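As the structure is a computational prediction, the values presented were derived from the model and not from experiment. Note that ligands are numbered from 1 as they come in the structure, with each ligand's atoms numbered from 1 the same way.
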Amino acid sequence: MAGMRILVLGGTSFVGRAVVGEALTRGHTVTTLNRGLTGPDVPGVEAVRGDRSHDGGLDALHGRSFDAVVDPSGLVPADVLRTARILAPGTGFYAFVSSVSVYPDWKSVPVDERSPVHPGEPDEEGDPADHRRYGPRKVGCEQAVHLVYPRDRALVVRPGTIVGPYDNIGQALWWLDRISRGGTVLAPGEPSRPLQLLDVRDLARFVLGRVENWASGVFNTVPDGPNTTMGAWLGHAVTATGSGAELHWVADEVLLAREVLPWWEMPLWLPDLPENAAAWATSGAAAAAAGLTCRPVSETVADTWRWLASGGRATSMPNLPPVGMGEVRERRILRTALAGR
Ligand SMILES: NC(=O)c1ccc[n+]([C@@H]2O[C@H](COP(=O)([O-])OP(=O)(O)OC[C@H]3O[C@@H](n4cnc5c(N)ncnc54)[C@H](OP(=O)(O)O)[C@@H]3O)[C@@H](O)[C@H]2O)c1
């Protein structure tokens, strides 16, 4: 349906920003609701100020009606419940951006939409910056949506790792920044290790395609199977940045012996451990059958580098470990690894 009135809850950072951009490109009228703290609204939207974390913070939405709402920013179930209840009388369709973190078990392959999820509570309160309950709260957020909206009027997407311009987590950005500085770069584990990375713009296109048709459902929004490898990913970064960096691969065991923190200190690195067995093997079959398409990873890397090189920066996420390894520690580990060759 062209020319819809779409409300985006948030819309100024990464996923929400991409959803707004895609919706405007498709000719929709977009309203965003946020506190005006994180960043400027995308030009072309109607920007409405509000705070979904407390009663009274959403007064600006009372009496408003939209054809659909997209909620990329819900982290606390009570906030999602509050927002859904206010919107339900005037807004027919609710699209919620959840996460594959709803699944607690990453030992069994495959993780698909029927896999067990964490226990969740649709009215759980809390601090959105407390990431310890991220997965269970995402379950609670999904429950909150389904409590207010009938199943055929709600879309839930569960992305895995999202990459692309305006990234606000920073794993991919750290690699681009490190590789742009050139020299010998510590590359973790195996170059052939698979990765499953979704470009934020492909996620936005999938969400909008379904929103336009009020097409409901619950989908793992990941490429259906690994779409790149650690070696290819870092290789694209060398090409995009033109730095001539040389990758030196250091085995999992060496990094673990040095207590390198997987995922955070070496971004995107998940060593071969039983608890990671399914990490890059989430089933995206249902989303693929429903039309999710994924651009080449080389395009994502090139576009992200272009954004970063023109001044783009990851916003720091409170209460999360720092992303990336310091130069001194990298040199030390490399020195030992090279000496042992
Ligand atoms: N990055 C990944 O790899 C990944 C993977 C899986 C799932 N996800 C999910 O994807 C989503 C990413 O969201 P995003 O940050 O990119 O979305 P976004 O919509 O681009 O940015 C978050 C928005 O929420 C607004 N906001 C924050 N607190 C608010 C409040 N109390 N009241 C009203 N607005 C508020 C912020 O603006 P103000 O601060 O100005 O209010 C900002 O506009 C998250 O739900 C995350 O769980 C991400």
Discussion item. Could you check whether atom CZ of Arg181 has more than 12 heavy atoms from other residues, nucleotides or ligands sitting under 6.0 Å from it?
Written reply: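 For Arg181, atom CZ is crowded (more than 12 foreign heavy atoms under 6.0 Å).
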Ligand 1: protein N/O within less than 3.5 Å of ligand N/O:
unit_1, atom_1, unit_2, atom_2, d
ligand 1, 3 (O), Ile162, N, 3.0
ligand 1, 13 (O), Pro72, O, 3.2
ligand 1, 15 (O), Asn168, ND2, 3.1
ligand 1, 16 (O), Phe14, N, 3.3
ligand 1, 16 (O), Val15, N, 2.7
ligand 1, 16 (O), Asn168, ND2, 3.4
ligand 1, 19 (O), Gly11, N, 2.7
ligand 1, 20 (O), Ser13, N, 2.9
ligand 1, 20 (O), Phe14, N, 2.8
ligand 1, 20 (O), Gly16, N, 3.0
ligand 1, 20 (O), Arg17, N, 3.4
ligand 1, 28 (N), Arg35, NH2, 3.2
ligand 1, 31 (N), Asp51, OD1, 2.8
ligand 1, 32 (N), Arg52, N, 3.0
ligand 1, 37 (O), Thr38, OG1, 3.4
ligand 1, 39 (O), Arg35, NH2, 2.7
ligand 1, 39 (O), Thr38, N, 3.4
ligand 1, 39 (O), Thr38, OG1, 2.4
ligand 1, 40 (O), Gly36, N, 3.1
ligand 1, 40 (O), Leu37, N, 2.5
ligand 1, 40 (O), Thr38, N, 2.9
ligand 1, 41 (O), Arg35, N, 2.7
ligand 1, 41 (O), Arg35, NE, 2.8
ligand 1, 43 (O), Gly11, N, 3.4
ligand 1, 43 (O), Thr12, N, 3.2
ligand 1, 43 (O), Thr12, OG1, 2.5
ligand 1, 45 (O), Pro72, O, 2.7
ligand 1, 45 (O), Lys138, NZ, 2.8
ligand 1, 47 (O), Tyr134, OH, 2.5
ligand 1, 47 (O), Lys138, NZ, 3.1

Practice prompt. Answer yes or no for Arg17 and Tyr166: cation-pi contact, defined as NZ/CZ to six-membered ring centre under 6.0 Å and angle to ring axis within 45°.
Written response: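 Arg17 over Tyr166 ring: yes.
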Practice prompt. Look at Asp112 together with Arg114 and state whether they make a salt bridge at an N to O cut-off of under 4.0 Å.
Written response: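 Here Asp112 pairs with Arg114 in a salt bridge, since their nearest N and O are under 4.0 Å apart.
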Discussion item. Can you tell whether the side chains of Glu327 and Arg178 come within less than 4.0 Å, N to carboxylate O?
Written reply: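 No salt bridge links Glu327 with Arg178.
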Discussion item. Test of understanding: with salt bridge (charged side-chain N to carboxylate O under 4.0 Å, His left out), list the residues that count as partners of Glu113, not counting sequence neighbours.
Written reply: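 None.
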Item to complete: Quick one: do Phe66 and Phe93 satisfy ring-ring contact (aromatic ring centres under 6.0 Å, His included)? Show the steps, please.
Response: CA-CA 9 Å; Phe66 303 92; Phe93 190 83; over 10 Å; no
